[in-house]
K.L.:
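I have a structure I would like to understand better, so I am pasting it below and will then ask my questions one at a time.
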Amino acid sequence: QVQLVESGGGMVQVGGSLRLSCAASGSIFTIYTMEWYRQAPGKQRELVAAISGNGRTKYADSVKGRFTISRNNAKNTVYLQMNSLKSEDTAVYYCHYVYSDRWGQGTQVTVSS
């Protein structure tokens, strides 16, 4: 069973930065895609960024140019560098392992003005 543990969330002011980490344990195949989702209060969970096993990335339009997803396969860890944060980025951020549809517990990001 794959276990995903997110960390790095917190409270930051508008314009600030945070770096989220998602550490995976268990039988994980580094060739498969890892994703970051987020869910704001009263809204549906939405895809923020994804990275394939060979490093190909994609982003939601709302975060392009501000967020960067990366992975360290040797450490089974995926990162989400978030810069120029806006109040609308406030949400719980989740890591998702596509192959087995596993989710982490989420980490709260709050951006205050």
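Computed from a predicted model, the values in this text were never measured in an experiment. Residue numbers count from 1 along this sequence.
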K.L.:
Can Q108 and T110 be counted as having a side-chain donor-acceptor contact under 3.5 angstrom?
P.N.:
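A donor-acceptor contact under 3.5 Å links the two side chains.
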K.L.:
Assess the pair Y37 and W103: is the distance between their ring centroids shorter than 6.0 Å?
P.N.:
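Close enough - the centres of the two rings lie under 6.0 Å apart.
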K.L.:
Can you confirm whether more than 12 heavy atoms, excluding those of Q13, are under 6.0 Å from its CD atom?
P.N.:
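It does not: Q13 CD has 12 such atoms or fewer within range.
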K.L.:
Is it true that a side-chain atom of T77 and a backbone atom of K75 form a donor plus acceptor pair closer than 3.5 Å?
P.N.:
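Yes; at least one donor-acceptor contact below 3.5 Å.
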K.L.:
Can you name the one residue among N73, L4, V98 that meets side chain to side chain contact (heavy atoms under 4.5 Å, CB included) with M34?
P.N.:
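With M34 as partner, N73, L4, V98 yield a single side chain to side chain contact (heavy atoms under 4.5 Å, CB included), made by L4.
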K.L.:
Kindly indicate, with the supporting measurements, whether the criterion side chain to side chain donor-acceptor pair (under 3.5 Å) is fulfilled by N83 and S17.
P.N.:
CA-CA 4 Å; N83 299 327; S17 298; 2.9 Å; yes
K.L.:
Closer than 3.5 angstrom, by distance alone: can the side chain of R102 be matched with the main-chain N or O of V2 as a donor-acceptor pair?
P.N.:
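Indeed, once roles are kept as given, a pair shorter than 3.5 Å links the two residues.
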K.L.:
Distance from H96 atom NE2 to D101 atom CG, nearest 0.5 Å?
P.N.:
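With rounding to 0.5 Å, NE2 (H96) is 4.0 Å from CG (D101).
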K.L.:
Would you kindly confirm whether W36 and Y94 end up in one hydrophobic cluster when ILVMFWY residues are joined by side chain heavy atoms under 4.5 Å apart?
P.N.:
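No, W36 does not connect to Y94 through the hydrophobic network.
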K.L.:
Establish whether V14 and V12 are linked, either directly or via other cluster members, by ILVMFWY side-chain heavy-atom contacts under 4.5 Å.
P.N.:
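Yes; V12 is reachable from V14 via cluster members.
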K.L.:
Assess the residue pair T33 and I51 against the criterion (side chain to side chain contact (heavy atoms under 4.5 Å, CB included)); give the C-alpha distance rounded to whole Å, side-chain angles, the decisive distance to 0.1 Å, and a yes or no.
P.N.:
CA-CA 5 Å; T33 296; I51 186 166; 5.9 Å; no
K.L.:
Hey, could you give me the CZ/CE distance between R66 and M82, rounded to the nearest 0.5 Å?
P.N.:
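Rounded to the nearest 0.5 Å, the CZ-CE separation comes to 9.5 Å.
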K.L.:
Using every non-hydrogen atom in the two residues, find where S112 and M11 come nearest and quote the distance to one decimal.
P.N.:
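Nearest pair, atom of S112 first, then M11: OG-CG, 4.5 Å.
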K.L.:
Please check this pair: side chain of R71 against backbone of N76, looking for a donor-acceptor N/O pair closer than 3.5 Å.
P.N.:
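Not at all, since once roles are kept as given, no pair shorter than 3.5 Å links the two residues.
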K.L.:
So, does E6 use its side chain to make a donor-acceptor pair with the main chain of C95 at under 3.5 Å?
P.N.:
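Yes; at least one donor-acceptor contact below 3.5 Å.
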K.L.:
I'd like to check L80 versus T68 (side-chain heavy atoms, cut-off strictly below 4.5 Å). Are they in contact?
P.N.:
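No; the side chains remain at least 4.5 Å from each other.
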K.L.:
Find out whether the Lys NZ or Arg CZ of R19 is both under 6.0 angstrom from the six-membered ring centre of Y79 and within 45° of the ring's axis.
P.N.:
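Positive - R19 is close enough to the ring of Y79 and near enough to its axis.
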K.L.:
Kindly determine whether E35 and L47 satisfy side chain to side chain contact (heavy atoms under 4.5 Å, CB included), including the steps that lead there.
P.N.:
CA-CA 7 Å; E35 299 173 325; L47 178 65; 3.8 Å; yes
K.L.:
Let me see the working for L20 and F67 under side chain to side chain contact (heavy atoms under 4.5 Å, CB included), right down to the final yes or no.
P.N.:
CA-CA 11 Å; L20 305 183; F67 290 11; over 6 Å; no
K.L.:
Does D89 form a salt bridge (charged side-chain N to carboxylate O under 4.0 Å, His left out) with K86? I'd like the steps, not just the answer.
P.N.:
CA-CA 5 Å; D89 295 319; K86 305 175 180 180; over 6 Å; no
K.L.:
Between Y93 and V48, is a side chain to side chain contact (heavy atoms under 4.5 Å, CB included) present by the stated rule, with each step listed?
P.N.:
CA-CA 9 Å; Y93 284 71; V48 176; 4.3 Å; yes
K.L.:
Check this for me: Q44, atom CD, are more than 12 non-hydrogen atoms of other residues, nucleotides or ligands nearer than 6.0 Å?
P.N.:
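Incorrect, the count does not exceed 12.
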K.L.:
Between V109 and Y59, is there shared hydrophobic-cluster membership here, with clusters defined by ILVMFWY side-chain heavy atoms closer than 4.5 Å?
P.N.:
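Both belong to a single hydrophobic cluster.
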